[in-house]
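Below you'll find the structure, written out as structure tokens, and then a few comments.
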Amino acid sequence: MAGDNPTSQEYIQHHLTNLTYGQHPDGSWGFAHSAEEVGQMGFWAIHVDTMFWSIGLGIVFLALFISGARRATTGVPGGLQNFCEMTVEFVEDNITQVFGNRPNAIIGPLSLTILVWVFLMNCMDLIPVDVIPQLALLAGVEHFKVVPTTDPNATLGMSIGVFFLVLYYNFKIKGPIKFTAGLFTHPIPHWSMYWFNFILEVVDMIAKPLSHGLRLFGNLYAGEMIFILIALLPFYAQWVLSLPWALFHVIIVSLQAFVFMILTIVYLTQAHGTEEH
Amino acid sequence: MNINLTMLGQMITFVAFVIICMKYIWPHLTQAMRERQQTISEGLEKAVAAEKQLEQANEAADLELDAAKKQSAELINQARDRANQIIEEAKGQAREEAERIIAGAQGEIEQEINRAREELRGRVGALAIQGAEKILESSVDRNAHEGMLTNLAAQL
């Protein structure tokens with residue numbers, strides 16, 4: 001908690017501020033000490049907490065699965081291998097259902113990475129909101145947001161990455177000419193409506209990564225917001241609300257990771273299909 | 001809620017993780033899964049084949065057993081027949097032998113009787129002649145009475 005006796009608003013504001021490193025208006029580089037300072041830093045700043053947790057959890061994911069893959073035998077699998085294979089099989093099933101059996105080297109690992117990584121990042125939401133920020137405060141760090149997926153930078157970063165891949169496949173499968181032509185001739189194939197089609201298609205194209213990233217961000221942000229609001233209650237009453245909300249949030253945590261993965265697969269499928277809308 | 005460099009950083013991190021996953025995780029796990037799947041399906045196929053083989057072997061064994069039973073029954077019958085035949089043969093032989101022996105004995109007896117009869121005849125003839133000589137007190141010409149003597153002997 002910032003200050004000795006923060007008001008509710010200060011408390012919430014504090015919890016929603018990232019640990020940001022960037023250039024101050026006066027030209028010096030350093031950590032921002034308030035939300036206003038963060039705002040003044042503009043684009044050339046980085047949320048250290050988001051990066052720390054997302055990279056850390058990504059390494060957890062990679063370490064877990066690499067050690068599972070290293071020990072992968074074709075015989076009777078051990079516990080870790082079983083877990084890894086179950087996850088892989090789940091991802092593969094979903095890909096087969098949506099994407100079909102077309103050979104593609106990227107979609108599988110991409111979906112697996114998204115599912116597990118986003119799930120782990122979402123899981124950070126279940127840690128009581130004050131624990132890690134308080135520990136960070138003891139270590140002298142003023143702001144420390146724990147859940148990377150409550151930072152739109154993180155979710156949009158991923159969704160835009162997926163978007164680039166979608167563009168790449170659009171170009172690769174349809175070819176630049178057909179792809180460009182498709183922007184004008186869809187959905188109304190008449191020359192007088194080409195300008196209208198183009199506006200529609202561009203809006204549609206931009207809306208996809210935006211909604212993809214903001215959906216995940218919105219769900220987790222709202223979830224954390226409610227945890228923060230619950231944390232404003234007296235400590236002995238908090239569990240009455242935080243326990244049911246945490247239990248319910250377990251569904252959101254896994255569901256949003258799943259939705260993010262499925263949408264990725266759907267977008268990639270659309271990029272591959274020449275006939276689909 | 002500021003869009004800043006974090007987005008770029010996150011994107012780069014994301015790409016790096018996907019590439020690592022693509023290189024070190026996904027192929028290993030999927031390959032292990034495929035291979036195990038294949039091993040299991042092969043094993044199942046083999047089990048089915050083995051079951052079929054077992055069934056065939058059982059059938060063959062049953063057939064063999066039936067044949068053996070039939071053969072042994074046949075052999076037993078044959079042996080029984082043969083035994084009966086031997087017994088019959090033996091009986092026949094014994095009967096024949098017995099008859100032969102009886103016939104031989106009867107022949108001998110008859111011969112003995114004949115011989116005894118001849119001897120008796122001779123002797124009776126001689127005795128008759130002696131008797132007659134004594135009665136007549138003269139010698140009877142044997143040659144003159146040969147015919148009468150033989151006739152007498154034959155009548156005995």
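The shown structure was predicted, so the numbers you read here are calculated from the model rather than taken from an experiment. Chain naming here is simple, since letters A, B, ... match the order of the sequence lines and numbering starts at 1 in each.
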Looking at [options], which makes the most heavy-atom pairs under 4.5 Å with chain B?
{"options": "Gly161(A), Gly213(A), Gly108(A), Ser159(A)", "value": "Gly108(A)"}
{"options": "Pro109(A), Pro148(A), Ala105(A), Gly157(A)", "value": "Pro109(A)"}
{"options": "Ala45(A), Gly58(A), Gly68(A), Ala69(A)", "value": "Ala45(A)"}
{"options": "Val88(A), Ile59(A), Thr50(A)", "value": "Val88(A)"}
{"options": "Val48(A), Leu110(A), Val91(A), Val76(A)", "value": "Leu110(A)"}

(Q) For a quick test of reading the model, state the closest non-hydrogen atom pair linking Gln81(A) to Ala32(B) and the distance between them. (A)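 Nearest heavy atoms, Gln81(A) then Ala32(B): NE2-CB, 4.1 Å.
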Q) When only pairs under 4.5 Å are counted, which of Met11(B), His28(B), Arg34(B) shares the most heavy-atom pairs with chain A? A)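 Option with the greatest count: Met11(B).
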Q: Between chain A and each of Gln38(B), Gln31(B), Glu35(B), count heavy-atom pairs under 4.5 Å; write down the option with the most.
A: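 Of Gln38(B), Gln31(B), Glu35(B), Glu35(B) has the most heavy-atom pairs under 4.5 Å with chain A.
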Measure the spacing between [atom1] of [X] and [atom2] of [Y] and express it to the nearest 0.5 Å.
{"X": "Ile114(A)", "Y": "Phe14(B)", "atom1": "CD1", "atom2": "CZ", "result": "4.0 Å"}
{"X": "Thr13(B)", "Y": "Met158(A)", "atom1": "OG1", "atom2": "CE", "result": "10.0 Å"}
{"X": "Met51(A)", "Y": "Leu5(B)", "atom1": "CE", "atom2": "CG", "result": "9.5 Å"}
{"X": "Thr87(A)", "Y": "Leu29(B)", "atom1": "OG1", "atom2": "CG", "result": "9.0 Å"}

Q: Give, as side chain, backbone, both or neither, the part of Val162(A) having an atom under 4.5 angstrom from any heavy atom of chain B.
A: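 Both backbone and side chain.
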Q: Could you look at Ile106(A) and say if it's the side chain, the backbone, both or neither that has a heavy atom under 4.5 Å from chain B?
A: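 The answer is both parts of Ile106(A).
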**Q.** Enclosure of Gln78(B) CD (heavy-atom neighbours >12, cutoff 6.0 Å)
**A.**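 Yes, because the 6.0 Å sphere around CD of Gln78(B) holds more than 12 heavy atoms from other groups.
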Q) Does Glu64(B) CD have over 12 foreign heavy atoms under 6.0 Å away? A)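 Counting other residues, nucleotides and ligands, CD of Glu64(B) stays at 12 neighbours or fewer.
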Q) Any donor-acceptor pair under 3.5 Å linking the side chain of Thr6(B) with the backbone of His47(A)? A)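 Yes.
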Q. Does a donor on one side chain and an acceptor on the other come within less than 3.5 Å for Thr30(B) and Glu92(A)?
A.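 Absent: no donor and acceptor within the cut-off.
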Q.
Students often mix this up, so state it plainly: with edges at 30° and 60°, are the rings of Phe17(B) and Trp117(A) parallel, tilted or perpendicular?
A.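 Rings of Phe17(B) and Trp117(A): perpendicular, over 60°.
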Taking the side chain as C-beta and beyond, is there a heavy-atom pair between [X] and [Y] under 4.5 Å?
{"X": "Gln10(B)", "Y": "Asn153(A)", "result": "no"}
{"X": "Leu62(A)", "Y": "Tyr24(B)", "result": "no"}
{"X": "Ile66(A)", "Y": "Ile20(B)", "result": "yes"}

